[in-house]
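What follows is a set of notes on a single structure, which appears directly below.
Atoms considered below: every heavy atom in the structure, side chains included; atoms not considered: hydrogens, waters and symmetry mates.
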Amino acid sequence: MIRFRFELLPVDEVCPWGPAGSQHLHWFALTEGWFCLEVGGIELLRYTEQTMASFPRESHRTAPPWVGYYVVRLWEDILEALPFILEPVPDDLAEFVAAGSAEWVDTDEVLDNMRLDAAYDFHSQRCIDTGYLRFGPVLRWWRSVDPVDTVTVAWQFPVDPDGEIAFTAPLSGQVSVGTDEFIDAVTDFDYRLFEFMQQRVDRLAATGAPAGIELDTALLIQEQAQRRTLLARALAHQVGADWDAVREGVPILAPHQR
């Protein structure tokens with residue numbers, strides 16, 4: 001099972017952007033909330049009870065034990081990577097995606113840039129780095145079609161040296177789900193997010209922003225409509241890696257995988 005879970009902060013509690021006297025709201029800000037990726041029964045972005053207890057009480061009085069940020073950021077990252085995730089990866093290159101970049105060579109010393117770039121792009125296009133979170137994981141995704149059509153997500157958490165931020169998930173691991181199930185989960189995430197956001201847009205279009213807060217209502221409505229088209233575009237976008245160039249670049253970038 002895979003599901004993108006989230007909750008949005010109540011509209012009245014969303015923090016406007018900008019300094020006092022010129023604060024404003026916009027579509028991105030209105031997605032403030034909490035989110036979690038659940039896969040194979042593991043909640044990858046769920047804090048431990050100890051970490052939750054360390055947060056100021058007022059910061060999580062209504063919060064689920066998930067990371068707090070703008071939900072649309074996860075949606076944007078998934079959609080950007082989606083065309084590449086759905087491109088089947090040859091079996092001999094799956095290890096390169098799964099292994100991460102910890103043992104890559106210093107690319108400043110590599111002269112063969114064309115093949116190097118092919119390998120680097122192939123890897124990075126299938127990665128989602130949650131570096132905007134404190135000690136959030138890197139997520140690496142790839143699709144395999146033989147013998148079963150699946151999408152695999154591998155994750156790696158950094159360790160907080162102070163022990164303040166910790167998650168319930170293992171520090172590293174990987175889970176595979178059916179490709180159709182993955183697409184259904186992304187589609188469900190998109191649908192639920194935009195249904196909730198439509199309610200917010202309609203409310204603010206009717207009532208206007210709170211006193212002292214700037215809001216371009218016309219732009220808010222326009223962005224809601226424009227963003228709703230992006231999943232279909234991502235699903236329709238066909239990419240085509242140069243597998244020969246990638247294979248030639250992998251030993252340069254990651255010589256331990258020769």
Is there a path from [X] to [Y] through hydrophobic residues (I, L, V, M, F, W, Y) whose side chains come within less than 4.5 Å of each other?
X: Val138; Y: Tyr120; answer: no
X: Val97; Y: Val148; answer: no
X: Phe84; Y: Val151; answer: no
X: Met1; Y: Val177; answer: no
X: Phe35; Y: Tyr191; answer: no

First locate atom [atom1] of [X], then atom [atom2] of [Y], and finally report the distance between them rounded to the nearest 0.5 Å.
X: Leu220; Y: Asp202; atom1: CG; atom2: CG; answer: 9.5 Å
X: Ser101; Y: Leu253; atom1: OG; atom2: CG; answer: 8.5 Å
X: Asp190; Y: Ile78; atom1: CG; atom2: CD1; answer: 11.5 Å
X: Arg73; Y: Phe28; atom1: CZ; atom2: CZ; answer: 6.5 Å

Set out, in order, the CA-CA distance, both residues' side-chain angles and the distance that settles salt bridge (charged side-chain N to carboxylate O under 4.0 Å, His left out) for Arg228 and Glu195, then state yes or no. CA-CA 10 Å; Arg228 272 197 135 146; Glu195 285 297 295; 2.7 Å; yes
So Glu214 and Asp216, side chain to side chain contact (heavy atoms under 4.5 Å, CB included) or not? Walk me through it. CA-CA 7 Å; Glu214 297 178 7; Asp216 187 331; over 6 Å; no
Would the distance check show the side chain of Thr152 and the main-chain N or O of Trp141 forming a donor-acceptor pair, the cut-off being under 3.5 Å?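 No.
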A side-chain contact here means heavy atoms from C-beta on lying under 4.5 Å apart; do [X] and [Y] qualify?
X: Gln156; Y: Arg140; answer: yes
X: Asp242; Y: Phe122; answer: no
X: Arg227; Y: Met197; answer: no

Counting only heavy atoms not in Gln198, do more than 12 sit closer than 6.0 Å to its CD atom?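 Yes.
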Counting only heavy atoms not in Phe196 (residues, nucleotides, ligands), do more than 12 fall under 6.0 Å from its CZ?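 No.
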Between [X] and [Y], does the ring centroid distance fall short of 6.0 Å?
X: Phe6; Y: Trp66; answer: no
X: Trp75; Y: Phe194; answer: yes
X: Tyr70; Y: Trp17; answer: yes

Assess whether side chain to side chain contact (heavy atoms under 4.5 Å, CB included) is satisfied between Thr130 and Val67, documenting all intermediate values. CA-CA 11 Å; Thr130 63; Val67 297; over 6 Å; no
Side-chain ion pair, Glu181 and Arg3, N-O less than 4.0 Å: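 Not counted as a salt bridge, because no side-chain N and carboxylate O are separated by less than 4.0 Å.
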From CA spacing to verdict: side chain to side chain contact (heavy atoms under 4.5 Å, CB included), Trp27, Ile221: CA-CA 9 Å; Trp27 198 96; Ile221 295 171; over 6 Å; no
Hey, mind stepping through Leu74 and Phe189 against side chain to side chain contact (heavy atoms under 4.5 Å, CB included) and telling me if it holds? CA-CA 10 Å; Leu74 178 63; Phe189 179 26; 4.2 Å; yes
